Amino acid sequence: MSKSSLVRIFSLLLAVGKISELDAFYLPGVIPHSFSKGENVELKVNKLSSIHTLLPYDYYSLKFCRPQEGVKTYSENLGEFLRGDRIENSAYDISMLDEEYCNILCQVDLKTKDVADFKQAIKRQYHHNWIVDNLPAASIMDTDSFVTTQYVGYPIGYTEGSVSYVYNHVNIIMEYHTVDENAYRIVGFYVEPLSVKHSYNGDWNGKDPAPQLTSCSQQKHLSYEDVKGGHQKLVTGKLIFSYGVEWRSSDVKWASRWDVYLSMNHAVPDRVHWFAIINSILIVVFLAFMVAMILVRTLHKDISKYNKLATDEEKADEREETGWKLVHADVFRPPVELPMLFCVLAGTGMQLIICAFFLVLFAAVGFLSPANRGSIMIGMLLLFVLMGSFAGFTSARLYKTFKGKQWQRCTLLTATLFPGIVFAVFFVLNFIVWCYGSTGAVPFLSMLAVLTLWFCISVPLTFLGAYFGYKKDPIEFPVVTSNIPRQIPPQPWYLNPVLTVLLGGVLPFGGCFVELFFIMSSIWMDQYYYVFGFLLLVYVILAITCAEITIVLCYFQLCSEDYRWWWRSFLSAGSSGVYLFLYSMWYFVSKLNITGVVPTVLYFSYMAMVSITFFMLTGSIGFFACLWFVRRIYGAIKVD
């Protein structure tokens, strides 16, 4: 590859990385809603969630104020159901540009069980997830020491010593952008929760017209410093919920309103991601240099010497075969161990490679975004299903090359093995979550929809791809395979299969572990991941690293006259999945504070599935790169 070509490739990759620095944008067809003054602004409530239990619950599972017209569940897409979202209406009455000061929402009568439920939720640090005009609520936490802003919900309450307090008052802060006369768009949504021991004159049964509260003013918004009567302890008896609404003008435009959420107000600078990219590029350049040394110097010299015309006297010396050239009659011998399984894994890996690439690409250009809840999950499912034909084609043609006879069984395994394992684990975990009454349990109809996608789309496409794969000629190899396998000499210690396999996964994992940290934080710590431009760049670097390290290890293996490279190439790059699972163990111990057996089982079960997926993806990249390399070098020599 020329120097100018390398420059163009890296320029393109850097341009893709810049996508992540652009302002957020919305797809054509997503029309912003402009409110008029006095128009009703609906506040929706979502699940109660906690990063310590991983078990979300319905908002009204605790005794919060319910709407007078009754609780209504909004329709959700498949991705939202798989995420455990349950979006419902609320009792809050908000009108555009209408300021509200300390309005009573409702009064509830807490029984002993209600208090126990609240205390348990507070202890496990559950938090509210509110939505207004598709914007999630960020929270402004005010204490004696400092004021902080959190961009994912706000807590139910807090504990001081052995006493639990509930946040029963919220200042709802709406930021709006004026687009026209009497046309306003909501561009910000914040909630400042306060714990207030409310008081009022006279008696109130909670149903008659609400009295005026003496614990807060009707002329200004309640602040932390204004709470004079003490904070609201969680005890049995009457509990009043109240709220205020404040409207603030903003210069932020509607198309950019998600920026502060996605970047967490730039809590993680872009230079952190660039540092990871540069680190990965250095690894790629180092391995590329090694591959270039092998191809340009060693192989070119060997091949030129092997192919040149020689006299009869020189043939014994100059045409003597050594190293990798000795195994030319065995290098394309099909693997003896589990050839069908190898074809199935390679086919599924090809499906995952294409699926992951287009998923990250669509997210990088804005077609899939955290701003559109559930879109990434739906995109992942649909892309995997639609790429089934590539899995069938790859496994079928490879199996035909291996001269396999049970092509129906191979195709069926390709269509069902990996999806079946994932679905079986997911079904068991879903049943456990359902037993705990969590909204994280996927409803039966949603499970049925997933099965329909699998059996009615993915499986037929896999068989269709396999049909075309078997119709194609087998992969042609540049040399003829002998009938009698060559004896493999004893291998040096540094080419031990276990050692080389474990070594092969270090550099690919090292090239992406920084970005992996942010992805895991978005999954397990309720943070938003938005730098998909960086992720696309990391994905390309990961693929290049897997290809290069596998080629280097394969060359050393062939030089040692060991031609069993099929499984070795797959496992060498695929071992990065092992490091991913080990990293998830470290992340669990050092970063998470998950309590309970069930949340722990959920975490490690899901991370095991992710690690297996990563293993198949990277292993397939390594194998296909190695196949190209071996065909290339043996196609360049002349064999009598």
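None of the values given here were measured: they were computed from a predicted structure.
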task: Classify the angle between the aromatic ring planes of W565 and F332 as parallel (below 30°), tilted (30 to 60°) or perpendicular (above 60°).
output: perpendicular
- request: Keeping to residues at least two apart or across chains, list the side-chain hydrogen bond (donor to acceptor under 3.5 Å, both in side chains) pairs with something in residues 402-427.
  value: S395-T414
statement: Closest non-hydrogen atoms of T500 and L553, given as atom of the first, atom of the second and distance, are O-CD1, 3.6 Å
message: Could you check whether R486 pairs with E561 (Lys NZ or Arg NE/NH1/NH2 to Asp/Glu carboxylate O, under 4.0 Å)?
response: yes
- request: Step through the shown structure and confirm whether more than 12 heavy atoms of other residues, nucleotides or ligands are within 6.0 Å of OH on Y587.
  value: yes
message: Just verifying a value: how many Å separate R632 CZ and I551 CD1, rounded to the nearest 0.5 Å?
response: 11.0 Å
query: How about Y606 and I523: do any of their side-chain heavy atoms sit closer than 4.5 Å?
result: no
task: Hey, could you give me the CZ/CG distance between R568 and L558, rounded to the nearest 0.5 Å?
output: 10.0 Å
query: If you take all heavy atoms of C546 and A573, which pair is closest and at what distance?
result: CB-CB, 4.1 Å
field: Test item: L345 and W567 side chains (from C-beta on) under 4.5 Å apart, heavy atoms
entry: yes
- prompt: What heavy-atom pair brings I353 and Y539 nearest, and what distance separates the two atoms?
  reply: O-OH, 2.8 Å
- request: Report the relative orientation of the aromatic rings in F629 and Y555; use parallel for angles under 30°, tilted for 30 to 60°, perpendicular for over 60°.
  value: perpendicular
- prompt: Hey, are the side chains of P339 and W566 touching, using non-hydrogen atoms and a 4.5 Å cut-off?
  reply: no
message: My understanding is that only one of F581, Y583, Y603, W524 makes a ring-ring contact (aromatic ring centres under 6.0 Å, His included) with F588; could you say which?
response: Y603
- request: Can you measure from CD (Q557) to CZ (R564) and round to the nearest 0.5 angstrom?
  value: 7.5 Å
L398 to A346 - nearest heavy-atom pair and separation: CD2-CB, 3.9 Å
task: Would you give the length of the straight line joining atom CG of L383 to atom CD1 of I376, rounded to the nearest 0.5 angstrom?
output: 11.5 Å
